[in-house]
Protein chains: 2
Amino acid sequence: MDRLDRKLLNLLQRDASRTNVALSEEVGLSPSSCLRRVRRLSRSGIIERIVAILDPARAGRVLKALVTVELKLHGEQHMRRFLDLAVAEEAVAQAYAVTGEIDVVLVLRLRDMEEFDGLCDRLFRDRTNVARFFTMMVIRTAKDETAIPL
Amino acid sequence: MDRLDRKLLNLLQRDASRTNVALSEEVGLSPSSCLRRVRRLSRSGIIERIVAILDPARAGRVLKALVTVELKLHGEQHMRRFLDLAVAEEAVAQAYAVTGEIDVVLVLRLRDMEEFDGLCDRLFRDRTNVARFFTMMVIRTAKDETAIPL
DNA sequence: CAGTCTTATGCAATTTTATTGCACGCTGGC
DNA sequence: GCCAGCGTGCAATAAAATTGCATAAGACTG
């Protein structure tokens with residue numbers, strides 16, 4: 001992992017749609033060397049995958065919400081059961097078990113409040129193990145970065 | 001946006017590294033038609049960009065944390081000033097202004113606790129406008145999805 | 001219902017890109 | 001100073017992307 005690898009990763013984290021030829025020119029390598037480096041980075045696992053990022057609004061998910069959840073019972077099985085429920089929800093983009101008073105944090109991508117209503121029923125009321133939950137609707141996104149600084 | 005477009009978007013959200021030829025076979029189109037559809041989706045903006053997703057651990061960011069922040073002063077300028085500070089931090093992956101008691105939620109990707117210490121100093125103590133903040137370190141990631149369900 | 005316009009499709013030709021073998025040069029260990 | 005290992009560039013080849021073109025499928029209109 002030298003300077004060139006970091007440069008490649010930084011470029012690919014911002015825009016992985018360019019051709020290998022273009023990439024090689026940006027880093028000052030021949031196309032073949034550049035390709036071999038990128039493949040090495042992929043095989044090594046530091047590049048997990050290449051994905052398309054969609055515009056949430058145009059994909060019909062205009063609302064983003066963060067939900068903190070406190071469980072009643074804190075055993076491993078109860079935690080797992082709740083997380084399994086949450087993971088199965090397509091509106092749940094991220095689900096984290098966390099330290100502190102809060103047990104679980106969910107990040108939701110919602111079509112509308114009706115979808116949120118249904119999700120609350122399934123996750124938070126219906127015979128599950130939730131003591132309390134607190135919803136924060138996202139008003140403004142100041143930063144939303146998939147890239148990891150190197 | 002018909003069934004084929006949705007299929008293409010779903011495939012590309014999971015793996016945008018495959019060739020157009022492979023993609024066209026998966027959806028049952030000729031390569032040229034497939035390419036034209038994908039380009040239309042890109043130009044329309046629903047595909048925002050193609051990026052490489054890195055393994056955070058291998059990229060040296062082993063810790064993830066969520067921080068809720070309450071500001072002392074809630075005016076637009078105070079909010080903006082704090083968000084500007086937060087956005088400038090490379091450890092801050094996401095920054096949201098939200099509804100509720102909490103004003104701002106940050107998602108952090110940290111190398112170690114020392115980096116967190118420095119960040120706290122800069123964002124939460126040093127003459128800023130923070131009444132209270134609450135940190136949740138992520139213990140387990142049950143779901144972490146970039147794809148948006150269509 | 002026929003006509004027409006718009007739009008998407010497949011095919012084929014062409015251009016561009018990815019991929020591989022190979023020889024060279026650089027670097028570190030001995 | 002010599003050798004092994006690794007990365008590099010070049011060139012040839014294979015594969016993929018891109019484009020023009022003719023056709024087919026709908027959608028709208030009269």
Side-chain angles (χ1 to χ4, degrees), chain A residues 1-62 90 111 145-150, chain B residues 1-62 90 111 145-150:
Chain A
M1 266 283 292
D2 58 4
R3 192 188 119 274
L4 281 179
D5 284 332
R6 266 186 292 278
K7 200 165 174 183
L8 285 171
L9 289 175
N10 271 326
L11 289 170
L12 290 174
Q13 283 194 106
R14 316 288 165 189
D15 177 10
S17 73
R18 72 192 106 202
T19 65
N20 178 57
V21 172
L23 192 63
S24 69
E25 282 165 8
E26 294 217 53
V27 298
L29 274 176
S30 69
S32 56
S33 295
C34 181
L35 181 66
R36 275 186 288 248
R37 273 179 182 263
V38 172
R39 279 211 295 233
R40 184 165 51 71
L41 292 168
S42 291
R43 276 200 312 269
S44 82
I46 184 167
I47 296 180
E48 272 186 356
R49 54 214 180 101
I50 308 290
V51 301
I53 303 293
L54 305 194
D55 177 356
R58 281 187 239 248
R61 304 251 164 199
V62 290
E90 68 170 16
R111 294 183 189 286
E145 188 62 71
T146 55
I148 295 171
L150 300 175
Chain B
M1 267 282 291
D2 58 4
R3 193 188 120 274
L4 281 179
D5 283 331
R6 266 187 292 277
K7 200 164 174 183
L8 285 171
L9 290 174
N10 271 325
L11 289 169
L12 290 173
Q13 283 195 106
R14 316 288 165 189
D15 177 8
S17 73
R18 73 192 104 200
T19 65
N20 179 57
V21 172
L23 192 64
S24 69
E25 282 165 7
E26 293 218 52
V27 299
L29 273 178
S30 70
S32 56
S33 293
C34 182
L35 181 65
R36 277 186 285 248
R37 271 179 184 263
V38 172
R39 280 212 296 234
R40 184 164 51 72
L41 292 168
S42 291
R43 276 201 312 269
S44 82
I46 184 167
I47 296 180
E48 271 185 358
R49 54 213 181 103
I50 309 290
V51 301
I53 302 293
L54 304 193
D55 177 357
R58 279 188 241 249
R61 305 251 164 200
V62 290
E90 68 171 14
R111 295 183 189 286
E145 186 63 71
T146 56
I148 296 172
L150 302 173

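Since the structure is predicted, the reported quantities are computational estimates derived from the model, not experimental observations. Sequence lines set the chain letters: A, B, ... in the order given, protein chains first and strands last, and positions in each chain run from 1.
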Discussion item. Is any side-chain heavy atom of B/L12 closer than 4.5 Å to one of A/V51?
Written reply: no
Worksheet, complete the sentence: In A/D5, A/L11, A/L23, the residue satisfying side chain to side chain contact (heavy atoms under 4.5 Å, CB included) with A/V38 is A/L23
Worksheet item: What is the distance from CG of B/D2 to C1' of C/dA8, rounded to the nearest Å?
Response: 10 Å
Worksheet item: Taking CE from A/M1 and P from D/dC6, how many angstroms apart are they, rounded to a whole number?
Response: 19 Å
Worksheet, complete the sentence: From the candidates C/dA8, C/dT20, D/dA17, the one with an atom nearest any side-chain atom of B/N20 is D/dA17
Worksheet item: Starting at the 5' end of DNA chain C and moving along, which residue's nearest nucleotide shows up first, A/T19 or A/R36?
Response: A/T19
Discussion item. On the nucleotide C/dT17, are OP1 or OP2 found under 4.0 Å from the side-chain N or O atoms that A/R18 carries?
Written reply: no
Worksheet entry | Contact under 4.0 Å: A/R37 side-chain N or O vs D/dG9 OP1/OP2 | no
Worksheet item: Going by heavy atoms in the side chains, are A/E25 and A/C34 under 4.5 Å from each other?
Response: no
Discussion item. Rounded to whole Å, how long is the line connecting atom CD of B/E26 with atom C1' of D/dA16?
Written reply: 16 Å
Worksheet item: For the pair made of CG in B/L8 and C1' in C/dA8, what is the distance, rounded to whole Å?
Response: 13 Å
Worksheet item: Can you tell me how far C1' of C/dT9 sits from CG of B/D5, to the nearest Å?
Response: 14 Å
Worksheet entry | Minimum side-chain heavy-atom gap B/R37-B/K7 below 4.5 Å | no
Worksheet, complete the sentence: Here the distance between atom C1' of D/dT8 and atom CG of A/L35, to the nearest Å, is 13 Å
Response to the item:
B/E25 atom CD is separated from D/dA17 atom P, nearest whole Å, by 11 Å
Worksheet item: 5'-most contact on DNA chain D: A/S32 or A/R40, nearest heavy atom basis?
Response: A/R40
Worksheet item: In whole Å, what is the span from the CG atom of B/L23 to the C1' atom of D/dA17?
Response: 13 Å
Worksheet entry | A/S33 side-chain proximity, nearest of C/dT19, D/dT8, D/dA17 | D/dT8
Worksheet item: Hey, are the side chains of A/M1 and A/L9 touching, using non-hydrogen atoms and a 4.5 Å cut-off?
Response: yes
